[in-house]
There are 2 protein chains.
Amino acid sequence: MEKQRKRAPSARSLQTKARILDAAEQLFAERGFEGASLRDIAALAGVQVGLVHHHGGGKEELFHQTVTRRADELAALRLTELEALKQSGDVTLRGLLDAFMRAYVTLARNGGAHWQHYGRLVAHVSADPRWRPLAAECFDPTANRFIEEILALYPAAERQAAATGQVYSVAAMLAFLNTGWRIEALSPGAAEAQVDQLIDFCTAGMEAILSPGPTCT
Amino acid sequence: MEKQRKRAPSARSLQTKARILDAAEQLFAERGFEGASLRDIAALAGVQVGLVHHHGGGKEELFHQTVTRRADELAALRLTELEALKQSGDVTLRGLLDAFMRAYVTLARNGGAHWQHYGRLVAHVSADPRWRPLAAECFDPTANRFIEEILALYPAAERQAAATGQVYSVAAMLAFLNTGWRIEALSPGAAEAQVDQLIDFCTAGMEAILSPGPTCT
DNA sequence: CCTTATTTTGAACGATTGTTCAATCTAAAG
DNA sequence: CTTTAGATTGAACAATCGTTCAAAATAAGG
């Protein structure tokens, strides 16, 4: 059903598409799906409206591509971190959460604005029930991969508990990314310490869920 | 500047306004601010378009009212729970998080659809940076109230740590409410146990942040 | 170089948006 | 009951929306 190309896309065309996706990423993140118009996106990308439709294939398709582009990249990054952890020898719960979060969070904080926009974009995707299939497609595979590693560490734990802890951890991570301006304003500079704090929170919370009963006191 | 009323609103008028706010609450929650049109809201409420504008005072004002209506009610509910806890004598970290979460979460699960819609609505408000002032107005007072109680329990902890833990806890709670259909599908029926699990997660995570160093092992 | 698939432009389409307004109905106040 | 502020209707407003399309510019393939 899909019509195949007869020519390779030019370098300029690829650049244009990337520029359109970047603009869409920023505006979808700031204003949500219907809040960002194709005309605003086109203006930010420096192209004509019709061209956005040509490269994006409709607004919904454009949104889909905008999310999956970074989601795929992020999934690969996380699996790389996981692989490095497993080869290091000592796989701990904290190590797993570290592999899942630190690289991404650091990118969103110190890296370009792209990952910061993506964080807000994910928040919109998670908030709107209409994007549930998209969220499942983008996030579930990697999440399930980490859940299995967690279950290998805690053989007595139920899968439901690990999945729940994973959901809560992702939520806390997104809150860290999207309200970071607030935490940052309260104690500036200590970026690395705040990442540790996030992982502390999730590790302790996950542990409490995985091994029931009073663990501390 | 505000023109004062010269007559009391009729009972029917109050009913209509409530019906409009309910419809707005549902559609704003499902599709976001620009995703829900005033005409859809009017149709769901069974009134004319102009009437929505008359009672809401513009779309932005309507959104504002929709959020604050339940936010005020929820803030009162949480402060009541907090007062009951303080009068019970033993104020613990778990008790504080329980007072903050259980009543609301139970309402959203077992109560009418209104609180379920409100949960999704808060997710939209939190995801969109344009509603930051609204979020601060609605959520900060109550949040700060609980943060102070937490700091009274942990005098050595820094305020930033308590505030961060509060943000993460709220994020986990919203994730529980808005992805509950997923958790529910995995292990149906155990509603109360899942609330305990949520509070377990947040309590352990908060404790890990408030008192640094290896608390368990 | 020549052909033509692809990219890009510019303008238009109908549909929907939030808002406004005069007319009509309702019911609170005197 | 009479008065009239307020609630409700129905229709219209200009603006913006996503989409479509023919024509021009670009560049890959032979």
Side-chain angles (χ1 to χ4, degrees), chain A residues 2-28 30-67 124 128 130-131 134, chain B residues 2-28 30-67 124 128 130-131 134:
Chain A
E2 307 170 5
K3 51 181 174 184
Q4 52 179 349
R5 307 183 60 93
K6 293 184 178 178
R7 285 185 187 177
S10 66
R12 179 177 139 156
S13 149
L14 292 177
Q15 272 183 326
T16 304
K17 170 147 190 177
R19 205 144 28 85
I20 290 176
L21 284 178
D22 287 344
E25 183 176 66
Q26 174 176 342
L27 293 184
F28 281 144
E30 289 176 355
R31 313 176 196 173
F33 178 68
E34 9 262 333
S37 75
L38 292 187
R39 279 171 176 82
D40 291 338
I41 294 175
L44 186 59
V47 297
Q48 212 62 19
V49 207
L51 194 51
V52 176
H53 202 269
H54 173 71
H55 276 120
K59 197 181 186 185
E60 274 197 74
E61 243 298 294
L62 175 65
F63 190 81
H64 193 101
Q65 289 186 29
T66 303
V67 175
H124 273 109
D128 200 314
R130 293 173 297 171
W131 301 119
L134 174 62
Chain B
E2 306 171 6
K3 51 182 173 185
Q4 51 179 350
R5 307 183 59 94
K6 293 184 178 179
R7 285 185 188 177
S10 67
R12 181 179 133 135
S13 149
L14 291 178
Q15 271 184 327
T16 303
K17 170 146 189 177
R19 205 143 28 84
I20 290 176
L21 284 178
D22 286 344
E25 183 176 66
Q26 175 176 341
L27 293 183
F28 280 144
E30 289 176 355
R31 313 176 196 172
F33 177 68
E34 9 262 333
S37 75
L38 292 187
R39 278 170 177 81
D40 291 338
I41 295 175
L44 186 59
V47 297
Q48 212 60 19
V49 207
L51 194 51
V52 176
H53 202 269
H54 175 71
H55 276 121
K59 197 180 186 185
E60 273 196 73
E61 244 298 293
L62 175 65
F63 190 80
H64 193 100
Q65 288 186 30
T66 304
V67 175
H124 274 109
D128 200 314
R130 292 173 298 171
W131 302 119
L134 174 62

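Naming: A, B, ... by sequence-line order, numbering from 1 per chain.
- Taking atom CD on Gln48(B) and atom C1' on dT24(C), their separation rounds to 13 Å, with Å as the unit.
- Atom pair Arg31(A):CZ and dT16(D):P shows a separation of 13 Å (rounding to whole Å applied).
- With DNA chain C read from its 5' end, the first of the two nearest nucleotides for Lys6(B) and Arg39(B) is the one closest to Arg39(B).
- His55(B) and Ser13(B) make their closest contact through NE2-OG, 3.8 Å (heavy atoms, listed as atom of the first residue, atom of the second, distance).
- Results of the side-chain hydrogen bond (donor to acceptor under 3.5 Å, both in side chains) test with Glu61(B) over Lys59(B), His64(B), Gln65(B) single out Gln65(B) as the only residue that passes.
- Counting all heavy atoms, side chain and backbone alike, Ile20(A) lies closest to Ala45(A) at CA-CB, 3.9 Å.
- Between atom CG of residue Asp22(B) and atom CD1 of residue Ile41(B) there is a gap of 11.5 Å, rounded to the nearest 0.5 Å.
- For Leu51(B), taking side-chain heavy atoms from C-beta onward, the closest of the listed nucleotides dT6(C), dT17(C), dA7(D) is dA7(D).
- Of the residues in residues 7-20 of chain B, those placing a heavy atom less than 4.0 Å from an atom of DNA chain D are Arg7(B), Arg12(B), Ser13(B), Thr16(B), in numerical order.
- Judged by atom type and distance alone, Arg5(B) does not reach the base of dG6(D) through any side-chain donor-acceptor pair under 3.5 Å.
- Every residue meeting the side-chain contact (heavy atoms from CB on, under 4.5 Å) condition with His54(A), not counting sequence neighbours, appears here in chain and number order: Leu51(A).
- Residues from residues 54-67 of chain B placing a heavy atom under 4.0 Å of any atom in DNA chain C, listed by number, are Gly58(B), Lys59(B).
- One atom, NE2 of His53(A), and another, P of dA22(D), lie 15 Å apart when rounded to the nearest Å.
- Remark: the backbone N or O of Ala36(B) is not paired with any side-chain donor or acceptor of Arg31(B) at under 3.5 angstrom.
- If you check every strand for non-hydrogen atoms under 4.0 Å, Ala42(B) touches nothing.
- Of all the heavy atoms in Phe28(B) and Phe33(B), the pair that sits closest is CE2-O, 3.5 Å.
- Between the CG atom of Leu38(A) and the C1' atom of dA15(C) there is a distance of 15 Å, given to the nearest Å.
- Separating the CG atom in Asp128(B) from the CD atom in Glu34(B) is a distance of 7.0 Å, to the nearest 0.5 Å.
- Taking atom CD1 of residue Ile41(A) and atom C1' of nucleotide dG18(D), one finds them 11 Å apart after rounding to whole Å.
- Within the model, atoms CG of Leu62(B) and NZ of Lys17(B) stand 8.5 Å from one another, a figure rounded to the nearest 0.5 Å.
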